[in-house]
Asker: 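First the structure, then my questions, so here it is.
The figures that follow rest on heavy atoms only: side chains count, while hydrogens, waters and symmetry mates do not. Keep in mind that what you see is a predicted model, and the values were worked out from it rather than measured.
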Amino acid sequence: MNNIQRGIAEFIGTFWLVLGGCGSAVISAAFPEVGIGLLGVSLAFGLTVVTMAFAIGHISGCHLNPAVTLGLWAGGRFDARDIPVYVASQTLGAIAAAFTLYVIATGKADYSLAANGLAANGVAEASPGGYAMATGFLVEVLLTFFFLFVIMGATDAKAPAGFAPLAIGLTLALIHLISIPVTNTSVNPARSTGPALVVGGVALQQLWLFWVAPILGGLIGGFVYKELNKTTV
């Protein structure tokens with residue numbers, strides 16, 4: 001596959017992740033009496049990864065996340081020359097999905113961006129549970145570290161074949177179960193960028209954290225797995 005094909009695949013995949021994950025939070029989480037809640041939103045994010053891994057994994061590797069792309073590079077699994085195409089495609093896909101979700105959400109007469117939001121990430125006053133910025137930063141680094149660690153292990157040539165999408169998707173669901181109250185869960189700079197650009201305000205002011213922390217965690221996760229998995233004589 002050439003870079004254009006892989007870039008388009010990453011755009012489509014990241015669009016699906018944001019539409020499916022953030023869409024479930026905005027549209028379905030609190031739907032009267034039958035809303036899916038925190039558990040449902042967590043599962044939705046995991047399902048977007050599972051489904052796209054089967055759909056585009058053979059085309060682009062299904063990164064859907066700049067922190068994953070950079071983490072795989074740190075782990076020796078990805079060529080640095082391809083990083084700009086992947087990160088740009090992922091970010092544009094997330095932005096397109098966020099604006100699409102906004103159009104869908106405004107189809108409901110009483111929807112308000114200020115009141116209902118768009119599943120943007122945040123810390124301190126913007127944290128769903130009121131968690132401090134330092135706590136949010138730590139959580140994003142730590143959970144992205146584990147996300148990359150699982151991705152590296154599940155896609156290792158020595159791992160059981162065919163199960164990587166399930167392991168990775170379930171890990172993302174678990175990550176959301178842990179951290180939605182803290183930061184509304186990012187572990188993905190592209191996913192954070194789309195809603196922040198639509199919502200603006202504090203979400204946009206805090207966007208730097210949701211680039212720096214996940215990328216740092218991803219780089220550490222990829223590097224640590226690579227070092228642990230080195231063959232010794």
Side-chain angles (χ1 to χ4, degrees), residues 8-52 55-56 64-66 88-131 133 136 139-140 169 172-211 214:
I8 292 172
E10 286 294 306
F11 177 95
I12 293 170
T14 313
F15 185 104
W16 182 236
L17 181 142
V18 173
L19 185 66
C22 295
S24 69
V26 173
I27 297 170
S28 305
F31 191 72
E33 299 181 15
V34 294
I36 61 175
L38 187 151
L39 178 60
V41 173
S42 300
L43 183 60
F45 271 100
L47 287 173
T48 62
V49 171
V50 172
T51 51
M52 271 298 153
I56 67 169
L64 316 185
N65 182 341
S89 299
Q90 294 155 0
T91 305
L92 289 173
I95 292 169
F99 278 97
T100 301
L101 178 57
Y102 176 69
V103 170
I104 294 170
T106 54
K108 190 171 185 291
D110 61 351
Y111 172 81
S112 164
L113 186 60
N116 303 111
L118 206 71
N121 299 115
V123 293
E125 71 272 25
S127 162
Y131 286 84
M133 180 176 290
V139 164
E140 289 291 329
L172 187 60
L174 174 59
I175 284 170
H176 279 77
L177 287 172
I178 296 168
S179 59
I180 285 177
V182 183
T183 63
N184 219 15
T185 310
S186 172
V187 300
N188 184 338
R191 170 264 185 269
S192 297
T193 299
L197 288 176
V198 178
V199 173
V202 175
L204 198 55
Q205 293 167 17
Q206 295 182 351
L207 182 58
W208 66 269
L209 187 149
F210 299 104
W211 275 85

Asker: Set out, in order, the CA-CA distance, both residues' side-chain angles and the distance that settles side chain to side chain contact (heavy atoms under 4.5 Å, CB included) for L204 and V199, then state yes or no.
Answerer: CA-CA 7 Å; L204 198 55; V199 173; over 6 Å; no
Asker: Identify the heavy atoms of T14 and A190 that sit nearest to each other, and give their distance.
Answerer: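 Smallest interatomic distance, heavy atoms only, reads CG2-CB, 4.3 Å.
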Asker: OG1 of T48 to CG of L172: how many Å apart, nearest 0.5 Å?
Answerer: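 T48 atom OG1 to L172 atom CG measures 6.5 Å (nearest 0.5 Å).
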Asker: For the pair T183 (side chain) and V123 (backbone), establish whether a donor and an acceptor sit closer than 3.5 Å, ignoring hydrogens and angles.
Answerer: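 Judged by distance alone, no pair lies under 3.5 Å.
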Asker: Side-chain contact, heavy-atom cut-off 4.5 Å: V139 with Y131?
Answerer: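 They are not in side-chain contact.
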Asker: Please round to the nearest 0.5 Å and tell me the distance separating atom CD1 of I95 and atom OG1 of T193.
Answerer: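 It is 6.5 Å, given to the nearest 0.5 Å.
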Asker: Filter on ring pair (Phe, Tyr, Trp, His ring centres under 6.0 Å), then keep only pairs touching residues 181-209, sequence neighbours left out; what's left?
Answerer: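 For residues 181-209, and leaving out neighbouring residues, there are no ring pair (Phe, Tyr, Trp, His ring centres under 6.0 Å) pairs at all.
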Asker: Between P214 and E140, what is the shortest heavy-atom contact and its length?
Answerer: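 Looking at all heavy atoms of both residues, the shortest contact is CG-OE1, 3.9 Å.
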Asker: How close do E10 and L64 get, heavy atom to heavy atom, and via which atoms?
Answerer: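 Heavy atoms only, the tightest pair is OE1-N, 2.7 Å.
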Asker: Report the C-alpha separation of S186 and S192 in whole Å, then their side-chain angles, then the decisive distance to 0.1 Å, and conclude whether the side chain to side chain donor-acceptor pair (under 3.5 Å) test is met.
Answerer: CA-CA 6 Å; S186 172; S192 297; 2.6 Å; yes
Asker: Residues in ring-ring contact (aromatic ring centres under 6.0 Å, His included) with F45, at least two apart?
Answerer: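 F45 satisfies ring-ring contact (aromatic ring centres under 6.0 Å, His included) with H176 only.
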Asker: For the residue pair N65 and P189, establish whether any side-chain heavy-atom pair is separated by less than 4.5 Å.
Answerer: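 Side chain of N65 against side chain of P189, heavy atoms only: contact under 4.5 Å found.
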Asker: Is the number of heavy atoms from other residues, nucleotides or ligands within 6.0 Å of CH2 (W211) greater than 12?
Answerer: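 Counting other residues, nucleotides and ligands, CH2 of W211 exceeds 12 neighbours.
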Asker: Locate the shortest heavy-atom distance separating L113 from V198; write the atom from each residue and the value.
Answerer: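 Looking at all heavy atoms of both residues, the closest pair is CD2-O, 3.6 Å.
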Asker: Indicate the atoms forming the closest heavy-atom contact of A120 with N184, along with that distance.
Answerer: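 Scanning both residues, the minimum pair turns out to be O-ND2, 3.0 Å.
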Asker: Side-chain polar contacts of residues 27-42 - donor-acceptor pairs under 3.5 angstrom, sequence neighbours left out - could you list them?
Answerer:
| from | atom 1 | to | atom 2 | distance (Å) |
| --- | --- | --- | --- | --- |
| S42 | OG | L38 | O | 2.9 |
| S42 | OG | L177 | N | 3.3 |

Asker: Output yes when a side-chain donor or acceptor of S89 lies under 3.5 Å from a complementary backbone atom of F11, and no otherwise.
Answerer: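 Not at all, since once roles are kept as given, no pair shorter than 3.5 Å links the two residues.
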Asker: Kindly list each side-chain donor-acceptor pair under 3.5 angstrom involving residues 99-108, sequence neighbours excluded, with atom names and distances?
Answerer:
| from | atom 1 | to | atom 2 | distance (Å) |
| --- | --- | --- | --- | --- |
| T100 | OG1 | A96 | O | 2.8 |
| T106 | OG1 | Y102 | O | 3.1 |
| T106 | OG1 | V103 | O | 2.8 |
| K108 | NZ | D110 | OD1 | 2.5 |
| K108 | NZ | D110 | OD2 | 3.1 |

Asker: According to salt bridge (Lys or Arg N to Asp or Glu O under 4.0 Å), does anything in residues 172-201 pair up with another residue at least two apart or in another chain? List the pairs.
Answerer: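 Of all non-adjacent pairs touching residues 172-201, none passes salt bridge (Lys or Arg N to Asp or Glu O under 4.0 Å).
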Asker: What pairs of donor and acceptor atoms, side-chain ones from residues 17-26 against any protein atom, are under 3.5 angstrom apart with sequence neighbours left out?
Answerer:
| from | atom 1 | to | atom 2 | distance (Å) |
| --- | --- | --- | --- | --- |
| S24 | OG | G20 | O | 3.3 |
| S24 | OG | G21 | O | 2.6 |

